[in-house]
Amino acid sequence: MLDRVKAIEDFSKIRVEVNSLGLIPAFGVMIQNLPSGFWNRFSRKILDAAGEDLFDATEALLENAAAECGYHTGYGIMTSDEFEAVLGPHIKDDKQGLLHGLYAVFCAWGWADAEIVELVPFEKMIVHAYDYYESDIDSNERHFAYMIKGISRAFMDLAFSEPYPNGLGGYSCVQTKGIEKGDDYGEFIVKPANPID
Amino acid sequence: MTSERSNVKFEAVREFDLKRMRHYLNGTQTVLHCHHYASLFTQLACDAKHLNGPALLSEAAAETLYPILKDYYINNHIMEFSDRISIAEQYFAFIGLGNIRFEFAPERGTAILRHSHIDEGWLKKWGANTERVNFIGEGFIRAASVAIFDLRIDAEITIKETQSIVMGASRSKFEIKWRGHYAG
C-alpha cells in the first residue's frame with residue numbers, strides 16, 4: 001500500500017533544474033515553471049472570446065492539451081529511475097500502485113491535491129481534488145478544471161490502454177464537482193471513451 | 001543599456017506547501033508543465049486567430065509576468081536598468097523559457113533568444129512551422145520592457161518577431177519600440 005504523504009514528499013524533493021541553455025529537460029520532455037495564474041488567465045480569456053458557439057470546442061482543446069501533457073510526461077515519469085526509487089522496483093508490474101504513484105507525482109508537481117478514491121481496473125476511476133489552482137479563478141459557474149480532467153484520463157490510458165505511445169484517447173473524464181462552483185472538492189470520473197455494452 | 005555590466009544575481013526562494021500541494025517561487029504560485037502543454041496552448045491560440053488567440057496568449061503572459069518582475073525589483077531594490085535587464089534575463093532562464101538577451105536604447109530595443117522553450121518544444125513535437133509561435137515569449141518581453149523602464153502596463157509598445165527559431169532561424173529576434181522609435 002502506497003504511503004501517499006511520504007511519496008508526495010519524496011517526489012517533491014526531486015529537483016528539475018534549468019540547464020545552461022535556459023531549458024529544463026527532464027523525464028523525456030522539456031519542462032517550464034510558469035506561474036499557475038498564467039494558465040488560468042489564458043484559459044479564461046480564450047473561453048470568454050470563444051462565446052457560446054465555440055465554448056465546448058475550446059474546452060475540449062484545453063482538456064486535450066492537458067491529456068497530451070499527462071500522457072507523455074506521465075510516461076517519462078513512470079519509467080524513470082526516480083519513480084522506481086520512491087515506489088520500489090515492483091511498481092512496473094502493479095497497475096493500481098502505478099496509478100496511485102502517478103497521483104503522488106501529480107500532487108508533488110503542484111497540479112493539485114488529488115487522490116484516487118475509487119479504482120476499478122480497466123473500467124472506472126474516481127479522483128477527488130481537495131485543492132487545485134484551476135479553482136482560483138472566477139469560473140462563471142462552470143467547471144474549470146480542464147487540466148485535471150485531461151491528465152486524469154491520460155493516466156488511466158497509461159495504466160490500462162494500449163502500450164505507450166499508442167494508448168492516448170482510450171478514456172474520457174467528466175468533472176462532476178468543483179471547488180470553483182462552490183463544492184468542497186473537485187470530483188472527476190474516468191471511464192472508457194467507447195465502452196463495450 | 002545591456003546586462004553586460006551587471007553582476008546582480010537572481011535570487012530564487014522556492015517553497016512547496018505540502019498541505020495544499022502548491023509550489024511557490026518568490027511567493028508566486030508556479031506549476032511544472034511540459035512542452036506538449038505549452039505547444040497545445042499555443043496551437044489553440046493559433047487556431048483561434050479570428051478570436052485574437054495569439055494576442056490573448058501574449059497578453060496573459062504579460063499580465064502575469066509583469067507584476068512578478070516589478071515586485072522583484074521593488075522588494076530587492078533593483079533600480080539600475082542594467083541590473084533590471086539582467087534579472088529579467090535570469091528569470092526567463094530560471095523558469096525554463098530559454099536564453100534571452102536584451103539590448104535597449106532609448107525607447108527601443110531588441111531581444112535575442114538563442115534558446116526558446118516554446119520554439120524548441122514546438123520543433124520537438126511537430127517540427128518546423130511556417131509562422132512564428134512564441135506568443136508567450138512576446139508577452140514576457142512586453143512585461144520585462146514595462147517593468148524595466150517603469151512604463152504603464154498598457155503602454156503602447158510594439159513588439160515584432162523578425163526571426164524565429166521555429167521557422168528555421170538559428171535564433172529568435174524581437175524588435176521592441178515605443179513612442180515611434182524602432183530598435184536599430
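Below, each value reflects all heavy atoms present in this structure, side chains not excepted, and no hydrogens, waters or symmetry copies. Because the structure is predicted, anything quoted here is derived from the model rather than measured. A, B, ... follow the sequence lines: proteins, then strands. Residue 1 opens every chain.
The most heavy-atom pairs under 4.5 Å with chain B, out of A:A49, A:A67, A:C107, come from A:C107. With chain B as the partner, the residue from A:I24, A:L34, A:V18 showing the most heavy-atom pairs under 4.5 Å is A:L34. Between chain A and the residues B:L40, B:N52, B:D17, the largest count of heavy-atom pairs under 4.5 Å involves B:L40. Heavy-atom pairs under 4.5 Å with chain A peak, among B:L44, B:L57, B:N99, at B:L57. When the candidates A:P25, A:A66, A:A65 are compared by the number of heavy-atom contacts under 4.5 Å with chain B, A:A65 comes out ahead. Listed options B:L56, B:I100, B:D47 were ranked by heavy-atom pairs under 4.5 angstrom with chain A; first place goes to B:L56. Put simply, of A:A108, A:A114, A:A112, A:G37, the one with the most heavy-atom pairs under 4.5 Å next to chain B is A:A108. With respect to chain A, the highest number of heavy-atom pairs below 4.5 Å among B:F41, B:F94, B:Y24 belongs to B:F41. Interface check for chain A: of the options B:L25, B:T28, B:L18, B:L65, the most heavy-atom pairs under 4.5 Å are formed by B:L18. Contacts with chain A were tallied for B:Q43, B:Q90, B:K124, B:Q29; B:Q29 has the most, counting heavy-atom pairs under 4.5 Å. The greatest number of non-hydrogen atom pairs below 4.5 Å with chain B, out of A:S43, A:G70, A:P35, A:G76, is found for A:P35.
The aromatic rings of B:H36 and A:H72 sit parallel to each other, their planes meeting at less than 30°, with 60° as the upper class boundary. Between A:W111 and B:H33, the ring planes are parallel. Angles under 30° get that label, and only those over 60° would be called perpendicular.
Within the 4.5 Å cutoff, the side chain of A:L23 has heavy atoms near those of the B:H117 side chain.
In this structure, no portion of A:Y130 lies under 4.5 Å from any heavy atom of chain B. Interface remark: B:S116 contributes backbone atoms only to the contact with chain A (heavy atom separation under 4.5 Å). With a 4.5 Å cut-off on non-hydrogen atoms, B:R114 does not touch chain A at all. Heavy-atom distances place the side chain of A:D136, and not its backbone, under 4.5 Å from chain B. With a threshold of 4.5 angstrom between heavy atoms, B:F16 approaches chain A through side-chain atoms but not through N, CA, C or O. Looking at B:A48, the atoms closer than 4.5 Å to chain A (heavy atoms on both sides) all sit in the side chain, from C-beta outward. Only the backbone of B:K19 comes within contact range of chain A, with at least one heavy atom under 4.5 Å from a heavy atom of that chain.
Under the 4.5 Å side-chain heavy-atom criterion for grouping Ile, Leu, Val, Met, Phe, Trp and Tyr, A:Y103 is not connected to A:I189 through any hydrophobic cluster. By the rule that hydrophobic residues join a cluster once side-chain heavy atoms approach within less than 4.5 Å of another member, B:I112 and B:M167 end up as members of separate clusters. A single hydrophobic cluster is not seen to contain both A:V117 and A:V190; linkage of ILVMFWY side chains at heavy-atom distances under 4.5 Å, directly or through other members, places them apart. Hydrophobic clustering, with ILVMFWY side chains joined whenever heavy atoms are under 4.5 angstrom apart, keeps B:L113 apart from A:L21. The same ILVMFWY cluster, assembled from side-chain heavy atoms under 4.5 Å apart, contains both A:I46 and A:Y133.
In this structure, CZ on B:R22 lies 10.5 Å from OH on A:Y132, to the nearest 0.5 angstrom. Here B:Y37 contributes atom OH and A:Q32 contributes atom CD; the two are 9.5 Å apart, rounded to the nearest 0.5 Å. If you take CZ on A:F38 and CD1 on B:I68, they are separated by 11.0 Å, rounding to the nearest 0.5 Å. In this structure, the separation between CE on A:M30 and CD on B:E120 is 5.5 Å, given to the nearest 0.5 Å. The structure places CG of A:L47 at 10.5 Å from CG of B:L51, a figure rounded to the nearest 0.5 Å. To the nearest 0.5 Å, atom OG of residue A:S12 and atom NE2 of residue B:H23 are 6.5 Å apart.
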List the steps and the verdict of side-chain contact (heavy atoms from CB on, under 4.5 Å) for A:F106 and B:M21. CA-CA 9 Å; A:F106 195 107; B:M21 310 300 174; over 6 Å; no
CA sep, side-chain torsions, deciding dist, call: A:N19, B:H115, side-chain contact (heavy atoms from CB on, under 4.5 Å): CA-CA 11 Å; A:N19 65 18; B:H115 289 280; over 6 Å; no
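Counted within 6.0 Å of CD on B:E156, heavy atoms from surrounding residues, nucleotides or ligands total 12 or fewer; the atom is thus considered open.
The stretch residues 134-145 of chain B places B:I136 near chain A, each with some heavy atom under 4.5 Å from a heavy atom of that chain.
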